[in-house]
Trainee: 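Structure in structure tokens, see below.
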2 protein chains.
Amino acid sequence: MGDSTQQLDRAFAALADPTRRGIVARLSVSDATVGELAEPYDVSFQAISKHVKVLEEAGLVTRSKDAQRRPVHLNREAFDPMTEWIERYRREAEERYRRLDALLARTAQDDGDRRPAEEQES
Amino acid sequence: MGDSTQQLDRAFAALADPTRRGIVARLSVSDATVGELAEPYDVSFQAISKHVKVLEEAGLVTRSKDAQRRPVHLNREAFDPMTEWIERYRREAEERYRRLDALLARTAQDDGDRRPAEEQES
DNA sequence: ATTGTCCTCAACTCATTGGTTGAATACAAC
DNA sequence: GTTGTATTCAACCAATGAGTTGAGGACAAT
């Protein structure tokens with residue numbers, strides 16, 4: 001089980017929680033302390049601290065140390081593996097669909113040409 | 001809490017599992033029955049059935065009914081909300097970064113021009 | 001040095017999840 | 001109708017996850 005696999009596990013899992021997605025959205029505007037991040041939510045401060053930790057372990061954010069504050073910063077590049085993974089298979093399925101579609105179009109044309117003759121099996 | 005939020009929850013959570021990502025990758029090649037999907041894995045058949053159910057509830061796959069088989073089919077469009085969500089905030093952070101960068105560049109130039117005079121506050 | 005602020009760590013609860021096995025269902029084929 | 005095949009459902013278990021509260025650590029300010 002490769003490391004990139006585990007990294008994808010963690011990144012996708014991190015974004016599966018609405019609170020954590022909210023935190024990411026907030027951080028896209030500016031860096032923020034845990035206190036600032038917690039403010040809009042109706043849960044304990046510590047719960048938000050945990051959420052930030054999950055995001056950090058997924059590599060999606062980093063924390064620097066400024067006196068007693070730990071400003072949280074969005075790690076933009078860390079989102080790429082997810083979109084790349086999704087887009088890869090989405091595109092593959094899309095291409096298969098187009099091939100199938102083309103095949104069906106050809107078959108439909110064949111229907112007009114030959115199929116009536118072939119239906120005489122009954 | 002909107003429905004789209006819950007849908008994102010489920011979609012991201014569904015992709016957070018390597019087995020389920022493997023199933024999606026397999027389905028990008030062609031539709032498959034649960035039995036075919038289970039074959040490469042070293043877990044029980046029922047476990048894979050459950051995984052497929054999770055993918056289905058996330059809207060990422062659909063199952064049709066062909067006799068006793070339930071061929072599983074990838075629902076390509078269902079992946080878009082995820083990439084759109086990620087790209088939205090990724091892009092927002094990117095723009096902020098560029099603005100900050102430009103600001104820093106200006107400030108650096110100001111340093112050369114005016115800053116020495118302004119430092120006379122002490 | 002004491003106090004207040006910002007934050008993390010530890011221990012606990014409760015719900016969810018991924019896995020198991022053992023039925024039960026649905027259909028084809030004989 | 002019996003058998004075989006493909007699949008789901010139900011009950012259970014162990015591990016993980018999101019939440020809580022209570023304590024402790026690091027630093028600034030007085």
Side-chain angles (χ1 to χ4, degrees), chain A residues 1 5-27 30-74 82, chain B residues 1 5-27 30-75:
Chain A
M1 205 158 293
T5 296
Q6 230 178 317
Q7 211 51 32
L8 272 182
D9 287 4
R10 280 196 266 251
F12 277 125
L15 293 190
D17 183 284
T19 303
R20 284 193 295 261
R21 284 200 308 277
I23 291 174
V24 167
R26 166 66 185 79
L27 289 173
S30 77
D31 293 3
T33 66
V34 178
E36 288 163 348
L37 290 174
E39 197 273 319
Y41 295 100
D42 197 22
V43 296
S44 75
F45 183 82
Q46 291 94 318
I48 300 297
S49 181
K50 272 188 175 187
H51 280 306
V52 172
K53 192 179 185 183
V54 171
L55 288 167
E56 189 181 28
E57 279 164 354
L60 300 180
V61 306
T62 57
R63 274 186 278 198
S64 33
K65 187 166 183 165
D66 162 32
Q68 74 268 52
R69 284 141 197 273
R70 311 286 141 77
V72 185
H73 175 78
L74 206 62
M82 282 184 285
Chain B
M1 206 161 290
T5 297
Q6 230 179 320
Q7 210 51 33
L8 272 182
D9 286 4
R10 282 197 264 252
F12 278 125
L15 293 190
D17 183 284
T19 303
R20 285 194 293 263
R21 284 200 307 277
I23 291 174
V24 167
R26 166 67 185 77
L27 289 173
S30 77
D31 293 2
T33 66
V34 177
E36 288 163 349
L37 291 173
E39 197 272 321
Y41 296 99
D42 197 23
V43 296
S44 75
F45 182 82
Q46 291 96 317
I48 300 297
S49 181
K50 273 188 175 184
H51 279 306
V52 171
K53 192 179 185 181
V54 171
L55 288 167
E56 189 180 27
E57 279 164 354
L60 299 179
V61 307
T62 56
R63 275 186 277 200
S64 32
K65 188 168 184 163
D66 163 32
Q68 74 270 52
R69 284 140 197 273
R70 312 284 142 77
V72 186
H73 175 77
L74 206 62
N75 187 16

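Every chain is numbered from 1, with letters handed out A, B, ... down the list of sequences. Everything quoted here is computed from the prediction, not taken from an experiment.
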Trainee: With respect to the phosphate group of dA18(D), does any side-chain polar atom (N or O) of Arg20(A) fall under 4.0 Å of OP1 or OP2?
Mentor: yes

Trainee: Nearest to the side chain of Asp17(A), which nucleotide is it out of dG19(C), dT7(D), dA18(D)?
Mentor: dA18(D)

Trainee: Any idea which of dG18(C), dC27(C), dT8(C) is nearest the Lys65(B) side chain?
Mentor: dC27(C)

Trainee: Do the side chain of Gln46(A) and the base of dG22(D) come within less than 3.5 angstrom through a donor-acceptor pair of N or O atoms?
Mentor: yes

Trainee: Whole angstrom is fine here: how far is it from CD in Glu36(B) over to P in dT5(D)?
Mentor: 16 Å

Trainee: Tell me the interatomic distance from Phe45(A), atom CZ, to dG19(D), atom P, rounded to whole angstroms.
Mentor: 15 Å

Trainee: Return the value, rounded to whole Å, for the distance between atom CG of Asp42(B) and atom P of dG18(C).
Mentor: 18 Å

Trainee: Let me know the distance between CZ of Phe12(B) and P of dT17(C), rounded to the nearest Å.
Mentor: 17 Å

Trainee: Which heavy atom of Thr5(B) sits nearest to which heavy atom of Arg21(A), and what is that distance?
Mentor: O-NH2, 3.2 Å

Trainee: Give the rounded distance in Å between these two atoms: CD1 of Ile23(A) and P of dC7(C).
Mentor: 13 Å

Trainee: Could you tell me which residues satisfy salt bridge (charged side-chain N to carboxylate O under 4.0 Å, His left out) with Arg20(A), sequence neighbours excluded, listed by chain and number?
Mentor: none

Trainee: If I take atom CG in residue Asp9(A) and atom P in nucleotide dA15(D), what distance separates them, rounded to the nearest angstrom?
Mentor: 19 Å

Trainee: What's the shortest heavy-atom distance between Leu37(B) and Val72(B), and which atoms?
Mentor: CD1-CG2, 4.0 Å

Trainee: Within residues 47-61 of chain A, which residues have any heavy atom lying less than 4.0 Å from an atom of DNA chain D?
Mentor: Ala47(A), Lys50(A), His51(A)

Trainee: Between atom CZ in Arg63(A) and atom C1' in dT8(C), what is the gap in whole Å?
Mentor: 8 Å

Trainee: So which pairs with a foot in residues 47-60 of chain B pass salt bridge (charged side-chain N to carboxylate O under 4.0 Å, His left out), sequence neighbours left out?
Mentor: Glu56(B)-Arg63(B)

Trainee: Please tell me if the side chains of Val54(A) and Asp17(A) come closer than 4.5 Å, counting only heavy atoms from C-beta onward.
Mentor: no

Trainee: Atom OH of Tyr41(B) and atom C1' of dG18(C): how far apart are they, to the nearest Å?
Mentor: 14 Å

Trainee: Picking from dT20(D), dC7(C), dT7(D), which would you name as closest to the side chain of Val34(A)?
Mentor: dC7(C)

Trainee: For dG19(D), does OP1 or OP2 lie under 4.0 Å from any side-chain N or O of Ser44(A)?
Mentor: no

Trainee: Roughly how far, to the nearest 0.5 Å, is CG of Leu15(B) from CG of Leu8(A)?
Mentor: 9.0 Å

Trainee: So Val43(A) and Thr19(A), do their side chains get closer than 4.5 Å, heavy atoms only?
Mentor: no

